[in-house]
Enquirer: 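Below: one structure in structure tokens.
Sequence lines set the chain letters: A, B, ... in the order given, protein chains first and strands last, and positions in each chain run from 1. Here the structure is a predicted model, which is why all the values come from computation and not from measurement.
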Amino acid sequence: MINEVKLDEKDSRLTHRKKLKELSINPYGYPLPYKPNSTVDELKTKFENETNLNKEEIYIVGGRLLNIRHHGKSIFSDLLGVNHKLQIYLKKDELNEKFDIFKDYIDSGDLILVKGYLFRTKTNELTLHILDYHFLAKCILPLPEKWHGLKDTEIRYRQRYLDLFINPEAKKNFIIRSKIIKFLRNYLENQGFMEVETPMLNIIPTGALAKPFKTHHNTLGIDMYLRIAPELYLKRLIVGNFDKVYELGKVFRNEGISTKHNPEFTILELYQAFADLNDMINLTEDIISSLVYYIHNSHEIEYQEKKLNFNKPFKKISFPNELYKKGLDIEKLRNDKEYLEKIANELKIPRENRVISHVIDKAFDELVKPELWDPTFVLDYPVEISPLAISKSDNPLYTERFELFIANFEVANAFSELNDPDEQALRFTQQQKLKEKGEAEAHEYDHDYITALSYGLPPTGGLGFGIDRLVMILTNNISIREVILFPALLPKK
RNA sequence: GGGCUGGUAGCUCAAUAGGUAGAGCAUUGGACUCUUAAUCCAGGGGUUGCAGGUUCGAGUCCUGUCCAGCCCA
């Protein structure tokens, strides 16, 4: 009896590769015998509804083969493009030995360049009749299942490339993400904003209330921090006489990882000189509602099976009023230590974090945020949690600031920028006091920024968007990991 | 940081009450020149996340641990 050689799928793919090399065929493509003159997507969109196909026109396209259907002396398969699949068709009596090589040594997932003409099968499927083909790269690992796709979230995130070419819905999220970013850039360029880049490596992490990642510069011998926001650098540019600037990029916050938080995420910040909070409200409404329309052709969309209405104007409410409706008095929190303790107890805030800023923030998150569904501007933020915004003229304990909430997410944050250097210095000092009292997320004191303000920052409107959350809402996802190509995961041991 | 759920073939999933780990797809061999989840015939493929424990016997029960998902802080 002959010992049967037991092969698993990877072995058989490796054997196929070896056989190709023995036939002096490079499974990895170089050099290309001919260049592509079209793509799967182009052929599909151009000819999908075309009735007259010209067999004299030869197309050369590259792609990944999926679902090879052997049929004796003919073969059908699908060539995967970016958004479309194109069926290909091979006949033995035309390709001879190249047909046998295809039949015996090509596996699904392989990348090939094909050359042929378009025709329609009797089921009317647009198909490329192959006259010649060329190997581009061998896929030596087995693929996920063709019908159920790849469902294991861990593999989907760790090996996103598999997710992308196996699960079309996954790819769609990232295509929409790219469209959103492109829309925002176009919009801002059309409004006269200039895109700039400011440092990601900071000496002092500023511009937001968040914990930073720490790193070290070896030759300078100093600790540095990954930026938590570009804000203070961008305002220095307004001091430098630019009037409309924006930055779209990553910021890093050293906090918990969850379905709503990734340690690095994308933010858009813009600053407009000679403008104020009202200008930012108008700008925000226009950007968001026109973006939604651009993506969905409607101002009303579904998110998690509930309607979201993006028609202008958005709802506007006041931070202290909303908390007051919930039975919480910010004035009293400021003046009554016992009251603060009582509220902190109710909110289960740990003893070391019982600082006014923390309690206010937490109370809003717990009591008001869960009710903010349709786009809503929350105005009049307390000064304790708004160290970079100007105070309201009628009450210095509240600021000219808004946060925009959509579907319970904080999506945007804007204020009339504080431009009085003495007042800003005082705010920094107050933040240091909060820090001493146990507020881990107080704003750092930035002397260099005070110097910049001392040269004069004009009244300026500033606005920041959380891009990932915006993408989540527009792609109907509840996990941020579905809209970040490579989300943060623990290393696999 | 805490709680709950999960991890079984390449993938998607089964496995009653603790009693020989199965199916579909994929893969291998064969038939087939219009298939598209092709079809038909035949086969191979497993250290059940990892490390221990209980038991005559563990995918299943217990302890620890790793990773993921969900919820809470």
Enquirer: Please confirm whether any donor atom in the side chain of S12(A) sits under 3.5 Å from an acceptor in the base of U28(B), or the reverse.
Expert: no
Enquirer: Please determine whether a side-chain nitrogen or oxygen atom of H129(A) lies at a distance below 4.0 Å from atom OP1 or OP2 of C34(B).
Expert: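 Indeed not, no polar side-chain atom of H129(A) lies that close.
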Enquirer: Does atom CD of E48(A) have more than 12 heavy-atom neighbours from other groups under 6.0 Å away?
Expert: yes
Enquirer: State which residue, out of L118(A), L128(A), L86(A), fulfils the side chain to side chain contact (heavy atoms under 4.5 Å, CB included) condition with F47(A).
Expert: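 Exactly one candidate clears the test, L118(A).
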Enquirer: With respect to the phosphate group of C34(B), does any side-chain polar atom (N or O) of R69(A) fall under 4.0 Å of OP1 or OP2?
Expert: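 So the side chain of R69(A) is outside the cut-off, no N or O lying under 4.0 Å from OP1 or OP2 of C34(B).
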Enquirer: Give me the distance, rounded to whole Å, that separates A9(B) from U48(B) when you measure between the C1' atoms they each carry.
Expert: 10 Å
Enquirer: Can you check the distance between A26(B) and U12(B), where both ends of the measurement are the P atom (answer in whole Å)?
Expert: 15 Å
Enquirer: Using atom P of each nucleotide, how far apart are G19(B) and G59(B) to the nearest Å?
Expert: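 Approximately 10 Å lies between the P atom of G19(B) and that of G59(B).
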Enquirer: Please check the phosphate of A68(B) (OP1 and OP2 only) for any side-chain N or O of R158(A) closer than 4.0 Å.
Expert: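 Yes, such a contact exists.
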Enquirer: Only one of F377(A), Y381(A), Y398(A), F402(A) clears ring pair (Phe, Tyr, Trp, His ring centres under 6.0 Å) with F319(A); which?
Expert: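 Answer to the ring pair (Phe, Tyr, Trp, His ring centres under 6.0 Å) test with F319(A) among F377(A), Y381(A), Y398(A), F402(A): Y381(A).
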Enquirer: S357(A) and side chain to side chain contact (heavy atoms under 4.5 Å, CB included): which single residue from E439(A), K437(A), K362(A) fits?
Expert: E439(A)
Enquirer: Determine the interatomic distance between P on C50(B) and the same-named atom on C66(B); round to the nearest Å.
Expert: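 Result for the P pair: 15 Å, nearest Å.
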Enquirer: If I compare all heavy atoms of N309(A) with all of D374(A), which pair ends up nearest, and what's the gap?
Expert: N-OD1, 2.8 Å
Enquirer: Can you tell me how far P of G1(B) sits from NE2 of H261(A), to the nearest Å?
Expert: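 It works out to 17 Å between those atoms.
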Enquirer: With a 4.0 Å cut-off on heavy atoms, is S77(A) in touch with a base, just the backbone sugar-phosphate, or nothing at all?
Expert: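 The answer is nothing, as S77(A) stays clear of every strand by at least 4.0 Å.
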Enquirer: Taking atom types as they are modelled, is there a donor-acceptor pair under 3.5 Å from the base of U35(B) to the side chain of Q87(A)?
Expert: yes
Enquirer: To the nearest Å, give me how far apart NZ (K211(A)) and C1' (G1(B)) are.
Expert: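 The answer, rounded to whole Å, is 12 Å.
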Enquirer: Looking only at side-chain atoms of L489(A), point me to the closest of G69(B), U27(B), A73(B).
Expert: G69(B)
Enquirer: Does K92(A) put a side-chain nitrogen or oxygen below 4.0 Å from OP1 or OP2 of U33(B)?
Expert: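 Answer is no, no contact under 4.0 Å.
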Enquirer: Taking atom C1' in both U47(B) and A21(B), what distance in whole Å separates the two?
Expert: 13 Å
Enquirer: Mind checking the P distance from G7(B) to C13(B)? Whole angstroms is fine.
Expert: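 After rounding to an integer number of Å, I get 10 Å for this pair.
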Enquirer: Taking only side-chain N and O atoms of R156(A), does any of them lie within less than 4.0 angstrom of OP1 or OP2 on C11(B)?
Expert: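 No.
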Enquirer: Between G49(B) and U5(B), how many Å separate the two C1' atoms, rounded to a whole number?
Expert: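 G49(B) and U5(B) have their C1' atoms separated by 16 Å.
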